[in-house]
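As structure tokens, the structure follows; a few thoughts come after it.
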Amino acid sequence: MISIQTADFDTGAEIRALQGNSQTGAVVSFTGLVRDMASHGAVTAIELEHYPAMTEKSLQAIIEQAGKRWPILGVRVIHRIGYLAAGEQIVMVAVSSAHRHAAFDAAAFIMDFLKSRAPFWKKEYVDGEGFWVESKSSDEAALERWNQT
Amino acid sequence: MISIQTADFDTGAEIRALQGNSQTGAVVSFTGLVRDMASHGAVTAIELEHYPAMTEKSLQAIIEQAGKRWPILGVRVIHRIGYLAAGEQIVMVAVSSAHRHAAFDAAAFIMDFLKSRAPFWKKEYVDGEGFWVESKSSDEAALERWNQT
Amino acid sequence: MIKLCFFARFREKLGVAEESLPLEQPTTVSALMSQLAGRGGAWQEIFDCPRGIMVAINQDMATVDSLIHDGDEVALFPPVTGG
Amino acid sequence: MIKLCFFARFREKLGVAEESLPLEQPTTVSALMSQLAGRGGAWQEIFDCPRGIMVAINQDMATVDSLIHDGDEVALFPPVTGG
């Protein structure tokens with residue numbers, strides 16, 4: 001259900017794997033990519049550090065929370081680590097459910113909590129120099145909406 | 001950008017095609033499938049009728065509305081017509097954007113309006129007999145939330 | 001003349017997918033529905049009450065108050081259920 | 001003894017990824033931070049103010065008021081930026 005890996009992944013194959021259950025009416029997937037622009041210039045690559053002992057545990061807890069809120073049939077989370085060039089895939093979250101709103105909401109919920117609670121850190125390389133990415137207040141704010149609903 | 005077709009589609013290939021733009025940081029996809037259960041029994045297949053002269057025009061209008069609300073970089077909508085067996089893919093919506101919330105919201109918006117405004121009708125086959133699917137009040141209600149935000 | 005199109009359950013119940021109808025002067029969708037209901041049988045059953053009927057004029061969604069002009073394509077159908 | 005882990009910017013600035021530290025009795029995260037800040041230099045810069053510091057005890061998110069016990073693994077890191 002959760003993979004932390006340096007290798008790339010095949011979003012289409014992961015979505016197909018979630019379609020096997022005959023009760024499944026909806027699959028929603030999110031794929032995050034390395035953008036080539038940052039505030040300080042053109043990004044050629046990023047480096048992803050994580051906290052190996054904690055990463056999977058924290059993602060597991062986020063998925064469990066989503067499972068308590070929505071009738072999820074399947075979940076797949078893949079997050080890459082190490083060096084990734086601009087344009088490469090970083091992360092994938094896919095959720096299957098009988099109905100579309102549950103799949104949409106659960107996938108957005110998992111991504112919001114992954115962004116602010118899972119122990120990953122990005123360093124962007126611009127002209128060969130590395131800059132640790134600053135967290136965005138908008139990511140923390142995104143968690144608020146899940147407390148209100 | 002929009003395809004109405006009897007043939008199946010490859011969600012993974014469509015997602016990859018949207019990843020070409022170097023500003024893209026997020027791709028969200030929705031895939032809808034034929035569920036094998038309905039209120040009146042086990043569904044073996046469905047038949048999808050549409051209004052050919054209007055279908056693409058109505059989807060184009062929905063995508064334009066989404067484009068006015070969110071900074072979308074790319075959109076792909078595929079809807080199948082004709083006979084589809086249980087478990088088959090019916091519809092796919094994929095949206096790319098620089099940021100994840102725009103991609104999530106625009107994809108959910110397009111699906112909500114497609115469900116209640118695009119001229120498609122489903123007939124479910126149970127034991128060889130066809131039943132036209134009744135529209136759900138929850139689908140109409142789903143449009144309301146887009147008026148409030 | 002206007003062109004009428006019927007889809008899904010309406011098409012099956014009425015036994016007709018499309019027909020041409022003379023139009024003397026611009027009329028509303030609700031007046032057209034009353035006229036169709038006047039044919040009796042399945043027509044009356046479907047068009048007696050405008051609730052639960054969707055209408056498009058020239059492939060754009062319209063309402064019961066929309067005006068129909070000569071040459072228009074008017075589609076009448078039950079609530080959509082795609083996706 | 002407790003095990004301390006530092007990640008990302010903290011690891012780089014402090015020049016250390018992990019270390020072991022004696023623990024006489026249970027203490028709070030904020031008391032630990034004060035102790036680390038007392039080392040001066042980059043330690044003081046980072047741990048003088050608990051704002052903008054995330055902490056996990058035994059791989060579960062914790063707060064500055066959480067208690068640290070003997071044998072715990074305490075990770076201190078800047079706000080996460082994955083995804």
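So you know, we letter chains A, B, ... as the sequences are listed, proteins then strands, and number each from 1.
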*asked:* Would you compute the distance between atom OH of Y125(A) and atom NZ of K123(A) and round it to the nearest 0.5 angstrom?
replied: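 Y125(A) OH to K123(A) NZ: 4.0 Å, rounded to 0.5 Å.
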
Quick one: which of [options] has the most heavy-atom pairs under 4.5 Å with chain B, could you say?
options                          : answer
V28(A), V91(A), V27(A)           : V27(A)
M92(A), H101(A), R100(A), M37(A) : R100(A)
Q23(A), K115(A), R16(A)          : K115(A)

*Between the side chains of S29(B) and T11(B), does any donor sit under 3.5 Å from an acceptor?*
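No, T11(B) and S29(B) have no side-chain donor paired with an acceptor closer than 3.5 Å.
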
By a 4.5 Å heavy-atom criterion (distance strictly below it), what part of [X] contacts chain B: side chain, backbone, both, or neither?
X       : answer
A98(A)  : both
N21(A)  : neither
A107(A) : both
M111(A) : both
Q19(A)  : both
Q89(A)  : side chain
A86(A)  : neither

*Describe, in one word, how the ring planes of W146(B) and F109(B) are oriented to each other, choosing from parallel (under 30°), tilted (30 to 60°) and perpendicular (over 60°).*
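Correct class here is perpendicular.
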
*Which of parallel (below 30°), tilted (30 to 60°) and perpendicular (above 60°) describes F30(B) and F104(A)?*
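Plane angle under 30°, so parallel.
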
*Working for salt bridge (Lys or Arg N to Asp or Glu O under 4.0 Å), residues D105(A) and R69(A)*: CA-CA 9 Å; D105(A) 288 350; R69(A) 296 178 66 134; over 6 Å; no

*Could you give me the CA-CA distance, side-chain angles and deciding distance for R76(A) and S3(A), then say whether side-chain hydrogen bond (donor to acceptor under 3.5 Å, both in side chains) is met?*
CA-CA 8 Å; R76(A) 185 81 173 98; S3(A) 301; 3.1 Å; yes

*Is the gap between the ring centers of W121(A) and Y51(A) under 6.0 Å?*
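No, they do not, as the ring centres are separated by 6.0 Å or more.
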
*Taking L18(B), D112(B), V93(B), V34(B) one by one, which has the highest count of heavy-atom pairs under 4.5 Å against chain A?*
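Going by pairs under 4.5 Å, I would pick D112(B).
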
